[in-house]
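In what follows, chains carry the letters A, B, and so on, assigned in the order in which the sequence lines appear, proteins first and then strands, with residues in each chain numbered from 1.
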There are 2 protein chains.
Amino acid sequence: MSSTLQTLDRGLLALEIVSEHKEGITIAGLAEQLGVHRAIAYRIVTTLEAHALLTRTPEGPVRLGAGITLLASRFEPQLHAVAQPLLKTLAKATRATAFVSIAQGKECVVTLVAEPDEGMLRVSYRVGSRHPLTQGAAGIAILAGRTPQDDDSPEVCQARAEGYSLTRGQLQRGAVGVASPIVTARLRAGIEACVGVVAMDDLDTERAIREVKASARQLVELIGQ
Amino acid sequence: MSSTLQTLDRGLLALEIVSEHKEGITIAGLAEQLGVHRAIAYRIVTTLEAHALLTRTPEGPVRLGAGITLLASRFEPQLHAVAQPLLKTLAKATRATAFVSIAQGKECVVTLVAEPDEGMLRVSYRVGSRHPLTQGAAGIAILAGRTPQDDDSPEVCQARAEGYSLTRGQLQRGAVGVASPIVTARLRAGIEACVGVVAMDDLDTERAIREVKASARQLVELIGQ
DNA sequence: TTTTATTGTTACTTTTATCGCACACTTAAA
DNA sequence: TTTAAGTGTGCGATAAAAGTAACAATAAAA
C-alpha cells in the first residue's frame, strides 16, 4: 500500500471544508479546522485559487470557485459512459425505466435514463426533469443517503434502514418508484445521488428492490468508493 | 506575493490532466504529462483517490471519481447565492429574463433564472430546461467560450470575436436571446457556462449586449478568475 | 520457450519544499 | 486607547517529498 502526500491531502481536505461552508470561511477559520498554522492555510488557499477551485471574496472569506464546474462538466460524460450500460441492464432486468438522479439544492434532478426495450407501455422519465427531494422514491433515497437529521420523515428513516425507498403515485398516479442511494465510504459525506426504476403498478417490487440495490453497489465500485 | 505549494499544485494539475482524458489515463501516461517520476504519480493518485476525486478502473486507467459530484452539488448553492442578485440586476436593466446556463454533454442546461418585475408579458425560461449547444444564444456563447475548433459554425466564430451571441427565433418564434460566455483566465479551459437574457422581439439589443457582457465579466470576478 | 517491456510497490538517500514561528499591518470592537 | 481578530510575508530548521534503484508480477514480443 503506497502512502499519501501530506500537502496534497491537506489541500483536498481544505477544499472539502470550504465546500461545507456555503457562506464562505475565513482563512483563520480554515486553518483552525485543518489544525494547522494560518500561514499554511494561506498557501493552500493560494494554490487552490490558482486552479480556480477556490475564490476569495473581496471582503475576505473563501468560497468554492468556478473550476469545480469545469471538472463536473468533464465528469458527467464519464459517469454517462460507465453508468449507461449498467442502467440498461437494470432496465432490462426489471422491465422498468431505470434512472440516476442527483440532488440540486432542494430538488432532485434526473441525469441519466434507460428504458426497457420490451413492454407495450412504459413510463418515460425525462432527463433534466426535477421535483422536490421530499417527493418520490428518488428524492427520498437521496435524503436517506445523507447523515440522519432530526426532521427526517418516517419514509426517509425507513429508506435509510432498508437501503431503498419505494413510493406509489407520489409523482404520477399509477406509477411505482424504487430507488437506492449511492453511498460512498471514502467521502466525508454522501454524493447526493441515487439509482432507481419507475414503472406502472405492475412492477415486480421484490425483484426491483434487489436489482436496484445491486446496481447502487456496482455504481459505487465503478465510480469510486 | 505568497507562493504556491508544489505538491498540491502538482496534484491539482494531475486532476485536471485526468479530467481531460475521458477514457481514462494510465499512471505512466500521467507521470509523463506531469513530467515526474512514476513513483510520484502513484503517490499523487493514491492521495486523490483517498478523497474520491479519482478512481482506478480494475484494468488500470485512472478516471475522475464521484467526489467531483459532491463538490459540484455544494458549489451550486454558492453560485446561486452570488449570481442571483447579479441576474436580478441584469433582468431589471434589460427588462428581460436573465439566465445562467452551463454545458452538459452536447446540451445546454439552464441553471439560474431571474425575471424582471416590470412588463406585462415576459418570456419565462425554466430552470432545468435544455437544448442543443448549437442552438440558441446560450449554446452558441458556450461554444464560443471554448478553444476554436475547425468545425465551428460562422455564428460561433462571430460570437467568439465579438464576445457575445445574438439569436432570433431559434428556440422560440418571436424571441430574441443575447448571451456571453463566462471565460476564466486561470483555468486551462473555459468553464462551459454563459450569462444571457431572453425577451420578445422588442429587446433593446444594444443595451442588452452591453449589460450581458458586463455581467459575464462581473461573474468571473465573483466566481474566480 | 526466452526475452523484453510495462506495471505496481517498497526501501533508502538526498535535497528541497514545507512547516511553523515571527513580525508588520489593518480593521473593528471594547 | 487597548484589545482582539484577521491578513499578509519573510526566514531558518527540518520533516516531507523527490528521486533514485531495485524487485516481483504480468503481459507482450521474439
Is it the case that the side chain of A/R126 and the backbone of A/V113 share a donor-acceptor pair, with hydrogens and angles ignored and the cut-off at 3.5 Å?
no

Euclidean distance, atom CD of residue A/E49 to atom P of D/dT7 [Å, nearest integer]:
13 Å

Are there any protein N/O atoms within less than 3.5 Å of an N/O atom in nucleotides 4-8 of chain C, and if so, which ones and at what distance?
from	atom 1	to	atom 2	distance (Å)
C/dG8	OP1	B/R56	NH2	3.3
C/dG8	OP2	B/Y42	OH	2.9
C/dG8	OP2	B/R56	NH2	3.4
C/dG8	O5'	B/Y42	OH	3.3
C/dG8	N7	B/R38	NH2	2.7
C/dG8	O6	B/R38	NH2	3.4

Electrostatic pair A/K88:A/D117 at N-O distance under 4.0 angstrom
yes

Verify the contact: side-chain N or O of A/T7 to OP1 or OP2 of D/dA17, cut-off strictly under 4.0 Å; return yes or no.
yes

Rounded interatomic separation in angstrom, taking CG from B/L34 and C1' from D/dA17:
15 Å

Roughly, in whole Å, what's the span from CD1 in A/I44 to C1' in D/dG8?
16 Å

D/dG19 base to B/R43 side chain: any donor-acceptor pair below 3.5 Å?
yes

Nearest 0.5 angstrom please: A/I140 CD1 to A/C194 SG, how far?
10.5 Å

Ignoring hydrogens and geometry, is there a side-chain-to-backbone donor-acceptor pair from B/T111 to B/V100 under 3.5 Å?
yes

Indicate yes or no for a side-chain donor-acceptor contact from B/T46 to the backbone of A/T4 under 3.5 Å, with no hydrogens or angles considered.
no

Proximity to the side chain of A/Q6 - top-ranked nucleotide from D/dA18, D/dA16, D/dT9
D/dA16

Rounding to a whole Å, what distance do you find between B/D9:CG and C/dT18:P?
9 Å

Among D/dA18, C/dC19, D/dA21, the one nearest B/H37 by side-chain distance:
D/dA21

For B/Q78 and A/L64, indicate whether the former's side chain and the latter's backbone hold a donor-acceptor pair under 3.5 Å.
yes

Length of the line joining B/L5:CG and D/dA15:P, which is rounded to integer Å:
18 Å

